[in-house]
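For ligands, and for the atoms within them, numbers begin at 1 and follow the listed sequence.
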Amino acid sequence: MTKNFRQIASGKVIVSRYDGVVLRMLSFLLLLSGFAFSTAHGEHSFCQNLTASPTLTPFVDPLTIPPTIDVSTGVQVTLGAYKITQKLHSELPATTLYAYGTSEKTASLPGPTLEATRHKPAHVRFENHIPDSETFLITDTTIHWANPARGGVPIVTHLHGAEAPSDSDGHPDGWFTARGETGHKFVTQNYTYPNSQVAATLWYHDHTVGITRNNVLAGLAGFYIIRSPSEEPRNLPSGRFEVPLMIQDKQLWTNGSINFPDVGDSPDNHPNWCPEYFGDIMLVNGVAWPHLDVYRAKYRFRIVNAANARFLTLSLSEPSLQFIQIGTDGGFLPFPMYLDNLTMAPGYRTDVIVDFSRLPVGTAVYLNNSAPAPFPSGDPDFSPPSTNSVMAFRVVREPAGFRIPQFAVPRTMGPMPVPSYDSKSVMRRSLTLVENDDADGNPLGAVLNNHTWMDPVTETPKVGSVEIWEIINFTPDAHPIHIHLIQFLFLNQQAFNQTAHDAGDCTLDEDFPHPESCFVESPQRPDLTQVGWKDTVIVWPSKVTRLWIKWTPRDGLPFPFNPVSGPGYVWHCHILDHEDNDMMRPLAMLY
Ligand SMILES: *[C@@H]1O[C@H](CO)[C@@H](O)[C@H](O)[C@H]1NC(C)=O
Ligand SMILES: *[C@@H]1O[C@H](CO)[C@@H](O)[C@H](O)[C@H]1NC(C)=O
Ligand SMILES: *[C@@H]1O[C@H](CO)[C@@H](O)[C@H](O)[C@H]1NC(C)=O
Ligand SMILES: *[C@@H]1O[C@H](CO)[C@@H](O)[C@H](O)[C@H]1NC(C)=O
Ligand SMILES: *[C@@H]1O[C@H](CO)[C@@H](O)[C@H](O)[C@H]1NC(C)=O
Ligand SMILES: *[C@@H]1O[C@H](CO)[C@@H](O)[C@H](O)[C@H]1NC(C)=O
Ligand SMILES: *[C@@H]1O[C@H](CO)[C@@H](O)[C@H](O)[C@H]1NC(C)=O
Ligand SMILES: [Cu+2]
C-alpha cells in the first residue's frame, strides 16, 4: 500500500501519494474522530512518520553469528520464545525483544541456527515463555487477529521453505500463549520436520494471525539450514568462511526501544495498523551496521531478508567484486550467476560467494542497499541515507601460520529445472492482488483474489498435480508472494496497461497484440529476482506473473508424509503488514 498520511503542524493531513497521482488535504479533526487521542502511553508514533532514530556510528560493532543447534540427532530440541533485552548497537541501551532460544539467558535475535541434515527428521518443541499480558508493540484489534481471551502474547512458528506436514507448518490459527490458550487450528507444540528436501537455506519465524508483523519485528526469527553432503558442490567456503546474514530494518528510540507506530494512516478503519513498517536502522544478525573482518579468501553468505516490508537491492562498494549467486530460496541454482546486485524482497534467501582474495589487507568493502521503499516506486522519506549501507567487510591479515583453505566456485550444481506441463489439462488459477479503500480513499487492507483470510478455502490443489498460477497485480506496489509447502518455478510475466484496464477499455482475456488486449508486451522471461527454485517471488505491479507449481517436493518424489491431513497450509504476501491485513489465504491439499 502506498498511501501515506503526514501529520503536519497546521492540523491538516496531506495524502501525499496515492497511486502516485492524487494529492489531497483532509481535516485532521475528521481523522481524529475515529480514535481516542490518549496520552496514557506518552508520545505517539505516527505511521510513516516515525521520529528519527538516534545517530549511531556505523560499522563499529562486530557482526555476531547466532549459536547453532544440531537438529539431525533425532533428539527433540526445545526452542522457547522469551522476552529479553539485547544491545543492538554499542552506543544504545539494550532493546526489549521477543526472541527464540533454549533458555531466557541464551535467547537471541536471530534465534539459534538450526542445522539439519537431509533425510534426518528433526523434532523441535516450541514453547511460549513470554510473560506479557499483551505484546509491547501495539496490537491493532480491529484487524482479524489471534485475540486470546485470557490475554498473553500468542506465537506460532513457521519454518519458511519447509516441506513439512501441515501440523508442523505453523498455521496462523495454530497459535498458543504462555497461559495455555490455543488458536482453533492448534495441533501440537511438538513439530517434526522431515528434512527430506534438498539442501537449502530456510528460516523460521513467527506466523501468528494478525500480529506476525509485531512478533517478527520484536525478534522472533532465526536460520534453519538443511545440509546434504552428497548433493553439495565440493570445496564451497565452510566453517568460519560460511556466514549467515539476516538483514532487517528497525526504527529505535534513544532509550533503545523499538519505535513502532501506534497511530495508523487510516485511523477511521484501523487505529494502529500501518500498511508498511520501514525503519531507518539497518541490522544484520541483530547488530546495527556491523562489520565483519574477512581474510583474503572466498566467503559464502546465506542472506535472508527478514524485514517487515523493506526490499533490498544489495551491492558491494568494491567495483572489482561481484556476488556469485549459487542458491535461492529452494536450494542450489543449476549454475552460478555473477551479479552486481541482488534484489531481495522480504522472505527471500540468496546463497552467494564473495571472493575477497585479491583485495589488499586494509580494504573496507561496504554492503550497500539501493532499493526504493515502497518497492519499486519509492518515497525518499522511507529510504534515508542511513538505509543505503547495511554492513562493512574489513579485509584483515590472517594469523601467522593460518592456511586459508582453497575454496572453489562450482561450475554447475545440478540439472536445469524444466517447468513442463500439458497446456490442455493443466489447472490454471487466475488470482488478483487488490488494495481495498473506504469511500474516502483510506486503506482498509489488501486482499488476494478478492477474498479475506477468513473466507472459505478456494485454492485446493491435487497432490502431485501441476498448476499454473497467474497472479495479476492491480496494486501500485510489488508484493512478495509466498506459497507454503512447495518450491515453484517462474514461467513468465507480462505487463498490462492498468489505466486502460481500469477504464474498461481492454481485456486481459485477449493476449498481446490483439487490439482489445490490455497487455502491452508478449510474455517476458524472469528477471534475476525470479530465477531458480522459489517459495517467495516478487510480483510486480501492473503485471501478470505466471508460476509453474508442481505439488510435490522439489525433487519430484512423493511427499514422505500426508500433506492432506492437519490444519492445512497458506499462501500470502510476505510484506508482514500486508499479510496481517488481509493478504493471506488458506491452501488445502487434496488427493
Ligand atoms: C512528522 O512528525 C514530526 C514530529 O514528530 C512533525 O514535526 C513533522 O511535521 C511530521 N512530518 C510530516 C510530513 O507530517
Ligand atoms: C511433546 O514433547 C514433550 C517434551 O518432550 C513431551 O513431554 C510431550 O509428551 C509431547 N507431546 C506430545 C503430544 O507428543
Ligand atoms: C522509550 O522511549 C519511548 C519514547 O519516548 C517511550 O515511549 C518508551 O516507553 C520508552 N521505553 C522504555 C523501556 O523506557
Ligand atoms: C543491477 O545490476 C544489473 C546488471 O549489472 C544492472 O543492469 C542494474 O542496473 C543494477 N541495478 C541496480 C539497482 O543497481
Ligand atoms: C556504500 O556505503 C558506504 C558506507 O556508508 C558509503 O561510503 C558509500 O558511499 C556507499 N556507496 C554507495 C554507492 O552508495
Ligand atoms: C469483491 O468482493 C466484494 C464483496 O466481498 C464484491 O462486492 C465485489 O464485487 C468483488 N469484486 C470482484 C472484482 O469480484
Ligand atoms: C494506457 O492506456 C491509456 C488509455 O487508456 C493510454 O492513454 C496510454 O497511452 C496507455 N499506456 C501505454 C503504455 O500503452
Ligand atoms: Cu503485499
Show the atoms of ligand 5 that are less than 4.0 angstrom away from any heavy atom in S389. 2 (O), 3 (C), 4 (C), 5 (O)

Check whether any N or O atom of S317, backbone or side chain, sits under 3.5 Å from an N or O atom of ligand 5, and answer yes or no. no

Can you list the residues that meet the side-chain contact (heavy atoms from CB on, under 4.5 Å) rule with D527, with sequence neighbours excluded? Q493, T529, Q530, W540

Do you know which of D206, N215, D132, N128 makes side chain to side chain donor-acceptor pair (under 3.5 Å) with Y98? D132

Test your reading of the structure: does N497 have an N or O sitting under 3.5 Å from an N or O of ligand 7? yes

Would you please name every residue forming a side-chain contact (heavy atoms from CB on, under 4.5 Å) with V77, sequence neighbours left out? I69, V71

Could an N or O of ligand 5 be found under 3.5 Å from any N or O of Y366, whether backbone or side chain? no

Which protein residues come within less than 4.0 angstrom of ligand 2, counting heavy atoms only? Q76, R125, N190

Checking F393 now: which residues fulfil ring-ring contact (aromatic ring centres under 6.0 Å, His included) with it, not counting sequence neighbours? F301, F356

I'd like to check which ligand 7 atoms, numbered from 1 as shown, lie under 4.0 Å from a non-hydrogen atom of D505. 5 (O)

Verify the distance criterion only: is there a donor paired with an acceptor across the side chains of S53 and D280 at less than 3.5 Å? yes

Pair E242 + R227: basic N to acidic O under 4.0 Å: yes

Working to the nearest 0.5 Å, report the span between CG of D355 and OG of S320. 9.0 Å

Mutual orientation of the aromatic rings belonging to H158 and H160 [parallel < 30°, tilted 30-60°, perpendicular > 60°]: tilted

So the atoms of ligand 5 within less than 4.0 Å of a heavy atom of F59 turn out to be 4 (C), 5 (O)

